[in-house]
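Position 1 is the first residue of the sequence; numbering continues from there.
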Amino acid sequence: MLVPRQSVPGLTVETLSTGTFDLAKDGAEFATLVVFYRGLHCPICATYLKELGRLTADFAEKGVKTIAISSDDQDRAQQMADKVGHEGLRFGYGLPLSVAKEWGLYISTSRGTTSIGIEEPALFSEPGVFLVRPDGTLYFASVQTMPFVRPHFQEMIGALDFVQKNDYPARGEYTGAV
C-alpha cells in the first residue's frame with residue numbers, strides 16, 4: 001500500500017507524443033496527476049479521459065501536469081487518444097502489470113469482448129488516480145476495483161485552490177499502531 005508523504009514507486013513509460021515519460025523527471029510545479037485507465041476496451045475510461053482532457057489546461061494553471069497511462073500497446077493507446085480527442089493530454093502506454101501492482105492497482109482477467117465490441121486484454125489493471133508531488137511523494141490516491149465511481153476531476157480543480165491557498169498537507173500518512 002502506498003502511503004501519503006512517502007515516495008511512490010518509479011514510473012517510466014513511453015508516450016504517444018512526448019517521448020519517454022519518467023515521473024521522477026516530470027518537473028511539475030505542484031504535482032503530476034497520474035491517471036491509470038483500464039484500456040481501449042473500456043467505454044467508461046474514454047468518457048473519464050475526455051473530462052480529464054477538457055480540464056488539463058485548468059490543472060496546468062494550478063501547476064499540475066496530467067498523464068493517462070494503461071498497459072495497452074501503442075496502437076490501442078493511439079486509438080484511445082483519438083477517441084478522447086484532447087491533444088494536451090499525454091498518453092502513456094505499455095505499463096508493465098508488475099509496476100501496476102507496485103502502485104496498488106488491482107489486476108483483472110479478460111471477460112472477452114466488451115459492450116463496445118473491443119476485446120479485453122488477457123490481463124489489465126483497474127483504474128487509479130494519483131497526485132504525486134515533484135519530490136516523488138504521494139499526495140493523493142484513489143484506487144478502484146471496478147471501472148465505476150471515480151474521483152471527479154472538476155472537484156479536484158476546486159480542491160487544489162484550497163490545498164494550495166492553505167498549504168494543506170497530504171493526509172493518511174500515519175502507519176503506527178491503532
One should read off an interatomic distance between T56 OG1 and L89 CG, to the nearest 0.5 angstrom, of 4.5 Å
V64 and L160 have their tightest heavy-atom pair at CG2-CD1, 3.9 Å
Residues pairing under ring-ring contact (aromatic ring centres under 6.0 Å, His included) where one sits in residues 44-66, two or more places apart or in two chains, turn out to be Y48-F153
Smallest heavy-atom separation, V84 atom then A46 atom, equals CG2-O, 4.0 Å
Across all chains, not counting sequence neighbours, the side-chain contact (heavy atoms from CB on, under 4.5 Å) partners of F148 are I44, M146
* Asked: With no hydrogens and no angle check, is any side-chain donor or acceptor of R5 less than 3.5 Å from a backbone partner on A170?
  -> yes
The side-chain contact (heavy atoms from CB on, under 4.5 Å) partners of D82 (sequence neighbours excluded) come to Q78
R76 meets the salt bridge (charged side-chain N to carboxylate O under 4.0 Å, His left out) criterion, sequence neighbours left out, with D72
Correct closest heavy-atom pair for G172 and P4 would be O-CD, 3.4 Å
Value for OH (Y37) from OG (S70), rounded to nearest 0.5 Å, stands at 3.5 Å
Close side-chain approach of V129 and V34, heavy atoms under 4.5 Å: no
Applied to residues 111-129, the salt bridge (Lys or Arg N to Asp or Glu O under 4.0 Å) test, sequence neighbours excluded, yields R38-E126
S71 meets the side-chain contact (heavy atoms from CB on, under 4.5 Å) criterion, sequence neighbours left out, with L95, L97, F124
Across all chains, not counting sequence neighbours, the salt bridge (charged side-chain N to carboxylate O under 4.0 Å, His left out) partners of E51 are R54
Any side-chain heavy atom of L52 within less than 4.5 Å of one from L33?
yes
Item to check | Same apolar cluster: F162 and M156, side chain cutoff 4.5 Å | outcome: yes
### Task
Report yes or no: do V3 and L138 belong to one cluster of Ile/Leu/Val/Met/Phe/Trp/Tyr joined by side chain heavy-atom distances under 4.5 Å?
no
Residues 151-172 vs side chain to side chain donor-acceptor pair (under 3.5 Å), sequence neighbours excluded, gives K62-D161
So the side chain to side chain donor-acceptor pair (under 3.5 Å) pairs with at least one residue in residues 18-35 (sequence neighbours excluded) are E14-T20, T15-T18, D26-T32, D26-R90
task = Indicate yes or no: at least one non-hydrogen side-chain atom of L123 is less than 4.5 angstrom from one of T109.
result = yes
* Asked: Any side-chain heavy atom of F140 sitting closer than 4.5 Å to one from S142?
  -> yes
Distance col, row I69:CD1 vs I67:CD1, nearest 0.5 angstrom, shows 4.0 Å
Can you check whether L23 reaches V8 side chain to side chain, under 4.5 Å on heavy atoms?
yes
Nearest heavy-atom contact between L40 and Q79 is CD2-OE1, 3.4 Å
Here the gap from K101 atom NZ to I107 atom CD1, rounded to the nearest 0.5 Å, amounts to 6.5 Å
Here the pair of heavy atoms bringing A81 nearest to L16 is CB-CD1, 3.6 Å
With clusters defined by side-chain heavy atoms of hydrophobic residues (ILVMFWY) lying less than 4.5 Å apart, directly or transitively, does V35 cluster with L11? no
So the ring-ring contact (aromatic ring centres under 6.0 Å, His included) pairs with at least one residue in residues 10-35 (sequence neighbours excluded) are F30-Y139
Requested in this report: Answer yes or no: is there a donor N or O on one side and an acceptor on the other, between the side chain of T114 and the main chain of I118, under 3.5 Å?
Outcome: yes
For V178, the hydrophobic cluster (side chain heavy atoms closer than 4.5 Å, chained through members) also holds Y174
What one should report as the nearest heavy-atom pair of L105 and G128 is CD2-CA, 3.7 Å
Sorted by chain and number, sequence neighbours left out, side-chain contact (heavy atoms from CB on, under 4.5 Å) with P9 holds for L2, E102, W103
Any side-chain heavy-atom pair of K83 and C45 under 4.5 Å
no
To the nearest 0.5 Å, atom CD of Q74 lies from atom CZ of F91 at 13.5 Å
